Amino acid sequence: MTKTELQREAQTLCDKSFTLTDPSNKYTAWSSVSTLIQKELVLKTHSPARYSLTDKGLLLAQRLEAAEEVLEDNNGSASHGCTTASEEDQEDLDEPHRENTLNVLAPSRTTVSLPFSAISSRQSREDPVLSSYNHVPDFTLRPGQFNVILCVDFIETTGGAAHKKQELVSELKRNGVNFDVRKLHIGDFLWIAQEKVQPVAGQLRMPQARELVLDYIIERKRMDDLCGSIIDGRFREQKFRLKRCGLLHPIYLVEDYGAAQHLSIPESTLQQAIVNTQVVDGFFIKRTKDVRESAAYLTIMTRHLQTMYLNKTLLSCTKEEASKCNRVFQHEDQSCILLEFRDFNEGAMKNKAQTVKEVFARQLMQISGVSGEKAAAILERYSTPFSLFAAYESCTSTEEREKLLSSVKCGKLQRNLGPVLSKTISQLYCSKEALS
């Protein structure tokens, strides 16, 4: 496991933070890993680092699990402790690491045995969001513990027509918007709930604030940029990535810029692309006439979200956990489940290692007529090129191959992919070049 993966999974079993230090010392629970490596319980390999259990570590883990099962069988009480390791395993632990290492080896019984919904059972019954969430959040931000901040991609403030981009920043400052310029791997604007932190006595730097990303993300397009992205294919790819990024409310901010008749695509084509983005792809479209009006919209949205989340309890989750629970947020809900900003932004990197499924999706979207929605529908049935090739090879005739994908359901209305597009895809994938 990578360091991030290991910290995320182990945090629920530890009553010390893996990332934040206590006011009384400079160590986190992660400091104990070096001791586990020295004891040959954990093996560190690769770069970036990956961690795995040694045979000795696996044996100790099995003993811990067995001891835990004995306690549950005998008593089941969360108040009883357990002997977690032999004296030989613990005898020469470094003193500064000792407390944290014991926390890793002997996790809190309450944390281990009770899911979050059980710990907050009363609140769960009152809140449908909590009732669907069976994971222990890495952290929770309660009302008054966070600020809602607009994040602006640094590309929106540098390069190109610098005076135009600085105009947006100036307007936001003039409107009194609390914003932060940073590198966003997807979208141009989004909002985060940033933890309020206080200086710690004896420490030079402020503690690192934890951040959750709200379910609203904006892709800004000027008409000339929209024209260029349609021509080079970026427009369809961006829509596909936005729909799969994990945020529930993607928004396209379309900004008029000069006369559309001077662009290389007819104005009617641009208008049709905008309508399709709203009606077919399901994005919310906001039209503005210039930079100043765009800044006004961002200002209003920021204040709206600050009011909306003011008295809510925010629970952190990973993208994998988010797919297993109800994240649809209603105004009357007491709490909501949000993605951690760091994991969200790292997961949205374009140049990160891609799975076969992700590459296959991008490949399908290069075919004329295959939108992100249609590609996703095909992937639900055939997740890899190999599985699609195998399905084509099992067909007994050319006509059967051409109709193989025609009944695939896609979109909100669950319409068939259709025989024409199915035939086009089959001809491409069943050609001699493809099969070779």
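In this text the structure is predicted, and so the values were computed from the model without any measurement.
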Checklist outcome for this item: Nearest heavy-atom approach of Cys14 to Ala29 is SG-CB, 3.8 Å
Next on the checklist: Is it true that, when you exclude Gln208 itself, more than 12 heavy atoms of the residues, nucleotides or ligands shown sit nearer than 6.0 Å to its CD?
Outcome noted: no
Checklist entry - Taking the inter-plane angle between the rings of Tyr51 and Trp30 on a 0 to 90° scale, is it parallel (under 30°), tilted (30 to 60°) or perpendicular (over 60°)? => result perpendicular
Checklist entry - Would you say the side chain of Phe283 lies within less than 4.5 Å of the side chain of Ile251, judging by non-hydrogen atoms? => result no
Next on the checklist: Using only atom types and a distance under 3.5 Å, with no angle test, would you say the side chain of Asn178 pairs donor to acceptor with the backbone of Leu150?
Outcome noted: no
Next on the checklist: Let me confirm one number: the SG-CD distance from Cys430 to Glu402, rounded to the nearest 0.5 Å.
Outcome noted: 9.0 Å
Item to check | Heavy-atom side-chain proximity of Asp256 to Arg287 below 4.5 angstrom | outcome: yes
Next on the checklist: Between Asn147 and Ile149 (side chain of the first, backbone of the second, donor and acceptor by atom type, cut-off under 3.5 Å), is there such a pair?
Outcome noted: no
Item to check | Side chain proximity check, Leu214 to Leu190, heavy atoms < 4.5 angstrom | outcome: no
Next on the checklist: Taking atom CD as the centre, does Gln414 end up with more than 12 heavy-atom neighbours from other residues, nucleotides or ligands that are less than 6.0 angstrom away?
Outcome noted: yes
Item to check | Any donor-acceptor N/O pair, Ser316 side chain to Phe139 backbone, under 3.5 Å | outcome: yes
Next on the checklist: Taking atom CZ as the centre, does Arg292 end up with more than 12 heavy-atom neighbours from other residues, nucleotides or ligands that are less than 6.0 angstrom away?
Outcome noted: no
Item to check | Point-to-point distance, once rounded to the nearest 0.5 Å, from CD of Gln272 to CD of Glu267 | outcome: 12.5 Å
Checklist entry - Are there more than 12 heavy atoms of other residues, nucleotides or ligands under 6.0 Å from atom NZ of Lys289? => result no
Checklist entry - side-chain contact (heavy atoms from CB on, under 4.5 Å) with Arg220: which of Ile155, Val152, Val291? => result Val291
Next on the checklist: What I want to check is whether the side chains of Glu255 and Ser294 have a donor and an acceptor closer together than 3.5 Å.
Outcome noted: yes
Next on the checklist: Please determine whether a side-chain nitrogen of the Lys or Arg among Lys243 and Glu373 lies less than 4.0 Å from a carboxylate oxygen of the Asp or Glu.
Outcome noted: yes
Next on the checklist: When you measure from the side chain of Asp290 to the backbone of Glu293, do you find a donor-acceptor pair of N or O atoms at a distance under 3.5 Å?
Outcome noted: yes
Item to check | Donor-acceptor contact below 3.5 Å, side chain Ser422 vs main chain Leu405 | outcome: yes
Next on the checklist: Do Ile367 and Leu428 have side chains that approach each other closer than 4.5 Å (heavy atoms only, starting at C-beta)?
Outcome noted: yes
Next on the checklist: Less than 3.5 Å apart, any donor N or O on the side chain of Gln363 or Tyr429 sitting next to an acceptor on the other?
Outcome noted: yes
Checklist entry - With a 4.5 Å limit on heavy-atom distance, are the side chains of Phe189 and Asp153 in contact? => result no
Checklist entry - Any idea which heavy atoms bring Cys245 and Leu339 closest together, and the distance? => result O-CD1, 4.3 Å
Next on the checklist: Between Glu358 and Arg362 (salt bridge meaning N to carboxylate O under 4.0 Å), is one present in this structure?
Outcome noted: no
Checklist entry - Do Ser335 and Leu314 have side chains that get closer than 4.5 Å, going by heavy atoms? => result no
Item to check | Heavy-atom side-chain proximity of Leu43 to Ile37 below 4.5 angstrom | outcome: no
Item to check | Arg241 side chain to Ala348 backbone, donor-acceptor under 3.5 Å | outcome: yes
Next on the checklist: Could you check whether any side-chain N or O of Arg50 sits under 3.5 Å from a backbone N or O of Met1, counting only pairs where one atom can act as donor and the other as acceptor?
Outcome noted: no
Item to check | Centroid-centroid distance, Phe240 to Phe235, less than 6.0 Å | outcome: no
Next on the checklist: Whether the side chain of Glu5 engages the backbone of Thr2 through a donor-acceptor N/O pair (distance < 3.5 Å, no angle test) should be reported.
Outcome noted: yes
Item to check | Side-chain (Ser383) to main-chain (Glu380) donor-acceptor, under 3.5 angstrom | outcome: no
Next on the checklist: Quick check: do Val275 and Gln271 have side-chain heavy atoms less than 4.5 Å from each other?
Outcome noted: no
Checklist entry - Is NZ or CZ of Arg182 both nearer than 6.0 Å to the six-membered ring centre of Phe341 and within 45° of the ring axis? => result yes
Checklist entry - So Ile231 and Ser264, side chain to side chain contact (heavy atoms under 4.5 Å, CB included) or not? Walk me through it. => result CA-CA 9 Å; Ile231 291 173; Ser264 54; 3.2 Å; yes
Checklist entry - Taking atom types as modelled and ignoring hydrogens, do the side chains of Glu171 and Asn175 form a donor-acceptor contact shorter than 3.5 angstrom? => result no
Next on the checklist: Could you measure the distance from the CD atom of Gln306 to the CZ atom of Arg303? Nearest 0.5 Å is fine.
Outcome noted: 8.0 Å
Next on the checklist: Working note: Trp191 + Val213, criterion side chain to side chain contact (heavy atoms under 4.5 Å, CB included); need CA distance, chi angles, decisive distance, verdict.
Outcome noted: CA-CA 6 Å; Trp191 288 265; Val213 58; over 6 Å; no
Next on the checklist: Between Gln11 and Lys16 (side chain of the first, backbone of the second, donor and acceptor by atom type, cut-off under 3.5 Å), is there such a pair?
Outcome noted: yes
